[in-house]
A.B. asks: 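Here it is, the structure, as structure tokens.
All values derive from a computational prediction rather than experimental measurement.
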Amino acid sequence: MAKVFRFFVNLWLTLASIAYPIGWLCFHESEWLNGLIGVMAVMWLLKGIQAVRFQRFFAIGMAVLLTVIAVTRSLETMYWYPVIISGVLLTLFGSSLFSEQSLIERLARLQDPNLPPQAIGYTRRVTQIWCGFFLFNIATCTALILTQQYQWWAWYSGGISYLIMGILFGGEWLVRQKIKQ
């Protein structure tokens, strides 16, 4: 039951993260956006209650931040939401490169605990590529915010960045299938 609940909280947060920039583009001055931020705060709080260690602190911090944004109605602060999420993911992926196992290697070992040596190098390379994507995402969103290109920010953070992630996932899967042969 807890797994199903956690799945739906994560799914809802993912969908809300995608929908928010598109919602901003379509309903810029609407109360609907403020309500969405409030619901996102509740979802982050629920995620924080179930999470452990760093994830708990991060999730509760996001719940507090989103609550402050919803209460103060400072919607322009939400422009930084994708930057914060990418920064946290960059920290998680990047810090794992300085440990014995990269984050992708840990995920791969959940499926196959006995990875061959070439797979370990491959997972480290994939982790580096994801770090590059997160850096690119941070730089692009920051540049669009600082130059006040908010329509492009909405298109990029609500669509283009997810398209790039899809290409990365799909491309990595194709390369992995070829390497396994």
A.B. asks: Any side-chain heavy-atom pair from Arg124 and Leu97 closer than 4.5 angstrom?
C.D. replies: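 Touching, per the 4.5 Å side-chain cut-off.
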
A.B. asks: Does any part of the side chain of Trp12, heavy atoms only, come nearer than 4.5 Å to the side chain of Phe8, both counted from C-beta?
C.D. replies: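 No, their side chains stay 4.5 Å or more apart.
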
A.B. asks: Taking C-beta and beyond as the side chain, do Ile85 and Met62 meet within less than 4.5 Å on heavy atoms?
C.D. replies: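 Yes, their side chains come closer than 4.5 Å.
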
A.B. asks: Quick check for you: to the nearest 0.5 Å, what is the distance between Arg125 atom CZ and Ile120 atom CD1?
C.D. replies: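 Taking CZ in Arg125 and CD1 in Ile120, the distance rounds to 15.5 Å.
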
A.B. asks: Would you mind reporting whether Ile160 and Thr140 have side-chain heavy atoms less than 4.5 Å apart?
C.D. replies: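 Thr140 vs Ile160: side chains apart.
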
A.B. asks: So Met165 and Trp130, do their side chains get closer than 4.5 Å, heavy atoms only?
C.D. replies: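 In contact.
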
A.B. asks: Taking the ring centre of each residue, are Trp153 and Tyr156 less than 6.0 Å apart?
C.D. replies: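 No, the ring centres sit 6.0 Å or more apart.
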
A.B. asks: Using side-chain contact (heavy atoms from CB on, under 4.5 Å) as the criterion, point out the one residue from Asn137, Ile138, Leu144 that pairs with Cys141.
C.D. replies: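 Only match with Cys141 under side-chain contact (heavy atoms from CB on, under 4.5 Å): Asn137.
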
A.B. asks: Would you say Val4 and Leu11 are hydrophobically clustered, going by side-chain heavy atoms of ILVMFWY under 4.5 Å?
C.D. replies: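 Shared cluster, yes.
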
A.B. asks: Around Gln111, counting heavy atoms of other residues, nucleotides and ligands shown, do more than 12 lie under 6.0 Å from its CD?
C.D. replies: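 Open.
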
A.B. asks: To the nearest 0.5 Å, tell me how far Ser157 OG sits from Tyr162 OH.
C.D. replies: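 Output value for this atom pair is 7.5 Å.
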
A.B. asks: Any sub-3.5 Å donor-acceptor pair from Arg56's side-chain atoms to Ile49's backbone N or O?
C.D. replies: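 Looks like yes, one N/O pair under 3.5 Å.
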
A.B. asks: How long is the straight-line distance from CE of Met40 back to CD1 of Ile69, given to the nearest 0.5 Å?
C.D. replies: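 Answer rounded to 0.5 Å: 9.0 Å.
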
A.B. asks: Any non-hydrogen side-chain atom of Asp112 less than 4.5 Å from a side-chain atom of Leu115?
C.D. replies: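 Yes, their side chains come closer than 4.5 Å.
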
A.B. asks: To the nearest 0.5 Å, what is the distance between OG on Ser96 and CZ on Arg106?
C.D. replies: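 The OG atom of Ser96 sits 5.5 Å away from the CZ atom of Arg106.
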
A.B. asks: Is Tyr79 reachable from Ile22 through a run of I, L, V, M, F, W or Y residues, each pair having side-chain heavy atoms under 4.5 Å apart?
C.D. replies: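 In one cluster with Ile22: Tyr79, no.
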
A.B. asks: What distance do Tyr122 atom OH and Ile179 atom CD1 have between them, rounded to the nearest 0.5 Å?
C.D. replies: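 The distance works out to 5.0 Å.
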
A.B. asks: How about Phe134 and Phe93: are their ring centres within less than 6.0 Å of each other?
C.D. replies: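 For Phe134 and Phe93, the ring centres are under 6.0 Å apart.
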
A.B. asks: Taking the six-membered ring for Trp, are the ring centroids of Tyr150 and Trp155 within less than 6.0 Å of each other?
C.D. replies: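 They do not qualify: ring centres at least 6.0 Å apart.
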
A.B. asks: Is the shortest side-chain heavy-atom distance between Leu66 and Met78 below 4.5 Å?
C.D. replies: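 Yes, close enough: below the 4.5 Å cut-off.
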
A.B. asks: Between Arg6 (side chain) and Lys47 (backbone), is there a donor-acceptor pair under 3.5 Å?
C.D. replies: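 Here the side-chain-to-backbone pair does not exist.
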
A.B. asks: Starting at CG of Leu46, measure out to CD1 of Ile60 and round the result to the nearest 0.5 Å.
C.D. replies: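 Leu46 CG to Ile60 CD1: 10.5 Å, rounded to 0.5 Å.
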
